[in-house]
Every structure is written in structure tokens, then in C-alpha cells.
Amino acid sequence: MHKKWWHGKIAYQIYPKSFKDTNHDGIGDIRGIIEKLPYLKLLGIEILWISPVYVSPFVDQGYDIADYEHIDPIFGTDEDFDELIAKAKELGIHIIMDLVVNHCSSEHIWFKKALADKNSEYRDYFYFRKGNEDGTPPDNLRSYFGGSVWEKVKGEDNTYYLHYFAKEQPDLNWYNPKVREEIYAMMNRWLLRGISGFRVDAIMNIEKDLSFPGLEPDSDDGMCASAKMAHKLSSKIGHFLSEMKERTIDRYDAFSVGEAFGVDTSLYGQFIGDKGYFETIFDFKPRELVEKSVLVFKRRPVTFTMFRDATAKSQHSANNTGFLAPVMENHDEPRGISYYIPQMWENEQGAKAFGTYLLLLRGIPFIYQGQELGLKNPVFDSIDEIDDLATHDMYRSCLKYDLDKSLALKLCAHETRDNARVPMPWDDSEYAGFSDVSPWLKTYSFKDTLNVKAQLSDENSTFNYYRKLISLRKDEKYSQCLTYGDFIDDSTEDLTSAYFRVTENMRILVLTNLKDSSYCYRLKDGESNTLSLLLESKKNCVSTFGNEITLEKGCSAVFLIGK
Ligand code: GLC
Ligand code: CA
């Protein structure tokens, strides 16, 4: 594998609306990010992904872009953004932008022109199609946010346009070379402006079957999730992705991380590594185990054992190929410690143990804002406290199936994307130091230890533990092994994990125990002679006797085997 500047770095995701408000409007902004750069530096972050800050009507929180060239005034000015790039650079932090090009906003000038004039060249920037003669839309796919992916064009006869997400997010037609040229030129302008790359949004959806055949219904609404179409076409998407890489990323030695759901592990060689379409892709294999249906009451929990096995399979497949980007959570997910590990560990201990397990995997780990504090899902008292449009669709479906309202709320609250979108708690004041006015989304009481101020001053806090983990990864002595070393799984017992990171001359062992009793790991003959403890998530949680390592419940530990 060729060496790249981003190898061995730790990335962090900021959801700007909820990170830090500086102009007293209850909405996070770019000056807030600038203010907190030293905090990120202290943590050890070197790549910063910022969720969309472009001009947007915010139907889907900025993932509906009306103007790719400018910053939305709620976040600040174009100059603020340039200052952010410059200040971050001074601290050795690379900024990457969110690239949302499966669709734009219905407020984008291209779409407005396409609607205004059937003969406009912009018509072919999107997918306009005639409906079927029986009055049904061209196919039966269901949008990610509910309802058909086809929206009728007002004032036109039986004509629809395609939107895999909200109807205000019309899909861009990648089969039109002009659209691709526009996209590449836009990306290059941003790269020239000083950003270091992109997180590429919803990208598996750009490939379409232009005959729009639809799919077998997956629910009694007669529709099928559009995600299933994206998965079905995932092996055909290469022609677009290689072109994009060659025309943009490669020319600037930039970084790209794909939001590529549903990529079979056998395709990793095409998606990552020296010849990959992306520098890396998020490892969503554990997340993909969650039932996709909008009927949340049908979803079964994904246990840590399932998470671990999916991750191990994925990691093994990437060993000789390239890097994956392991994640616990992001702005589309509930908090990981509230979702993937036993409820008894939805606390500081669980946050440290699960964090250790994830941060030492092979790849480029992404930390989502607040994960380093061990944040868990907040409590939502009413559906009206939830803003996320996807959750409202889930809630309506529950009620349609006659679920009791309080049960519906409980189930939807467990899944909602707002779990991760509530404001970042900086201190224990009324609005958590996020803002001095009431924030756009309710803040929850993080008064005890779940805020930055409390954790900075406590050397045993989750935050300070994350710092240690990150320094271990970057420690000159171990970084070669923790960056490039193969991943080898040695897990056997439920709710525990054992894996090695291995290079020719080093072996590092990472043990995690999320059971409710201690876990005994047996070393191979001779290994115990050269065993040394590098890090433990809780003081004195490890004991060794002969070939046996005993790890206390709710803990993780990292060992060096050999010199
Ligand atoms: C991605 C984003 C999500 C957004 C969707 C549509 O999945 O992460 O927040 O709603 O794409 O752009
Ligand atoms: Ca603000």
C-alpha cells in the first residue's frame, strides 16, 4: 500500500448546528467551531469532517443543498469558513466537507429551471419520467424518508421526478455528463480553497436502473426500500466513482470517505485501497444488521456479539486491501453505547470499553461529537421534541399499526437520529454552554459528569481516556503496528472481544469484556513471558496468572506481546 498523509490519523465529525453557538441564536455556527479547535487539538484530532454548512432550506438539516458554493448565513460567512480552514491548518487539523451529490435541494437553481421550462437543459439534470397508464408512479420504490420516491410535477400531465430522500431533495442525474462536470468542478473549487477532502454522502444511490423496474414489495404498502435497489446495483457503480476520483481527489492528493452502505466485503478491493474509488469507506457492517423497515417494532437489537462478528469479517476482508473507517455512531444514528452494548454498560465504563474496542481496530476511526464524553441517548418526553423527519415517518407507521402512543414514542426515541443531534454539552449551565439562549433542539440535563468542563478537570474521565487511546495509537513505538498491522480476531465468548494487531515484529492484543462477570483469556504458550500492559480502561481491571489474563466486567485492556 502506498503511504498517504492521512494514514494513522484520527478523524472527528462535527454536526455544526449542534456544536457551539456564538451569536446567540441557539444554532451552532462556524465561529463556534473555530473557538473549539483547541479542544479538538487537545483530544488529538487531525481530520475534521463537518456536516453540511452550504446554503440550504434545511428540510433535511442541510443535506438539501440549494447552493454548493456558499456558506448558509445561519452558520456564518464564506470568510468565516476560510478562517476556519486556516486556523485548523495552523493546528495540524485537516478540514473535510460533506459532499452531497446524489441529490440537491428543490430550491437549487438547476431544479427551479428544470421545473420552469420542460425544454430547459436542466430538465436532464434530474430524473423526470411519465407515470404508468394506470395512474401509478414509474416504480414502487419507497423513499428513505417514507412514501414513493416519485413526486408528481404540479401542472404537468402524469409527470414525476425522482427523489430517494425527501421530495425537496430531487436526485441528480449522474448519467448526464454535464451534471458530472458541474460536480467535479465544484469539488475542485473547494479543494483549491484549502479543504483536504470530502465525506461523500449517500453515494451508493447514484447508480440507477434507468428502466425503473422497481422491486418486489417488502411491506404491505406495496413498496420496497430504495436502499435495496442501491445494494442491488452496488457492483455497477464503478464507472462514476473512478471518474470522480480521477478528476478530483487524485489531482489534489485529497482524502475521501464514502458513505457506502451495502458494499459486499468481496468488493472492498474496488472501493478502498490503492485502486479504490475512495480513500476509505465507513464500516457500516454492524449497522447493516439493523432491519431497514420503517416498522421499528420489527427491529431486533444488534448485540455487541453481532457487532463484533460483523466487524471482524469486515476487518479481515480489508487487511490486505485498504482502510475502513470504524464508527460507533454519527448524526444519523442513536448513541452507540445506548444501542449496541448491554444496558448495564450504558455508562462511563461502557463508553471507555467500547471506545477502546473501536479505536484500535485497523483503519481511520471517526469519533462523533460527544462520543469522547461517553454521551448516551437523551430522554425524549414527547414526539414534538423530535425534529428528525425520518422519525416522524416511523412514528406515523407505528400508529397506523395501532401501537400505543407511549410505546411508539419509546421505540422511535430509541432509533431517532436526534439522539446524536442534541446540542453538545460544554458545561453544566442552563443551555449546557452550547448557547446562552434556548437551542434549536432541546438540551438535556448533562449536569453531572457528562459535559466537557467536568471531564477536562477529571483525569479519569472518558474524555481523558480517549486522549490516552489516541496517544497510544500515535505513539511512535506502536503507531506502525496500530496503523498498518493486520487485524486478527480471536474472539470466542459472547459479549467479549479479543483481537490482535500484528506486524512482522509486533503483536498488540486488545481485550474487551461487556459481560456481567469477569472474562478469562488464555494466551498461547510462551506469550505470557513477554506480556506487558499498555492501557486499561479502569484502574487495576486486569490480573494475570500463568497463561491466563482475567479482565473485570465492563472493561477493556491493551497488551503488547513480545518486545
Ligand atoms: C446521508 C446523511 C443523512 C441524510 C441523507 C440524505 O445518509 O448522512 O443525514 O439525510 O444522506 O442526504
Ligand atoms: Ca449561531
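Hydrogens, waters and symmetry mates are skipped; everything else that's a heavy atom, side chains included, is used. Counting convention: from 1, in listed order, for ligands and their atoms alike.
Under 4.0 Å is where a charged nitrogen must lie from a carboxylate oxygen, and between E83 and R31 at least one such pair does. A salt bridge links R142 and D218; the closest N-O separation between the charged side-chain nitrogens and carboxylate oxygens is under 4.0 Å. Ionic pairing of E46 and K41 is not present here: no N-O contact between side-chain nitrogen and carboxylate oxygen is shorter than 4.0 angstrom. No salt bridge links D387 with R417; every basic N to acidic carboxylate O contact stays at or beyond 4.0 Å.
Distances from the Ca ion (ligand 2) to each N, O or S atom of D29 single out OD2 as the nearest. Among heteroatoms of the N, O or S kind in D21, OD1 lies nearest the Ca ion (ligand 2). Considering just the N/O/S atoms of D25, the one nearest the Ca ion (ligand 2) carries the name OD1.
Shown in contact with R421 at under 4.0 Å from a heavy atom are these atoms of ligand 1, numbered in order with element: 9 (O). The atoms of ligand 1 that sit less than 4.0 Å from any heavy atom of H331 are 2 (C), 3 (C), 8 (O), 9 (O). Residue-ligand proximity, D60 to ligand 1, at heavy-atom distances under 4.0 Å covers atoms 4 (C), 5 (C), 6 (C), 10 (O), 12 (O). Ligand-side atoms of ligand 1 in range of R417: 3 (C), 4 (C), 9 (O), 10 (O), range being under 4.0 angstrom from any heavy atom. Each of the atoms 10 (O) of ligand 1 lies under 4.0 Å from some heavy atom of F145. Near R199, meaning under 4.0 Å from one of its heavy atoms, ligand 1 places the atoms 2 (C), 8 (O). Near H103, meaning under 4.0 Å from one of its heavy atoms, ligand 1 places the atoms 6 (C), 12 (O).
One of the N, O or S atoms belonging to N23 lies under 3.0 Å away from the Ca ion (ligand 2). For residue I27, an N/O/S atom approaches the Ca ion (ligand 2) to within less than 3.0 Å.
Remark: K17 qualifies as a cation-pi partner of F58 under the 6.0 Å distance and 45° angle criteria applied to the six-membered ring.
Ranking the protein heavy atoms by distance from atom 5 (C) of ligand 1 puts F165 CE2, 3.7 Å first. Looking only at protein heavy atoms, the nearest one to atom 7 (O) of ligand 1 is E259 OE2, 2.8 Å. For atom 8 (O) of ligand 1, the closest heavy atom belonging to the protein is D332 OD2, 2.4 Å. For atom 2 (C) of ligand 1, the nearest protein heavy atom (residue, atom name, distance) is D201 OD1, 2.9 Å.
Relative ring orientation between Y175 and H239 is described as tilted, the plane-to-plane angle lying within the 30° to 60° band. Using the six-membered ring where Trp is involved, H103 and F165 have ring planes that are tilted, between 30° and 60° apart. Between F297 and Y401, the ring planes are tilted. Angles from 30° to 60° get that label. Ring pair F304/F307 is parallel by interplanar angle, where below 30° counts as parallel and above 60° as perpendicular.
Summarising the local packing, NZ of K442 is surrounded by more than 12 heavy atoms from other residues, nucleotides or ligands at distances under 6.0 Å.
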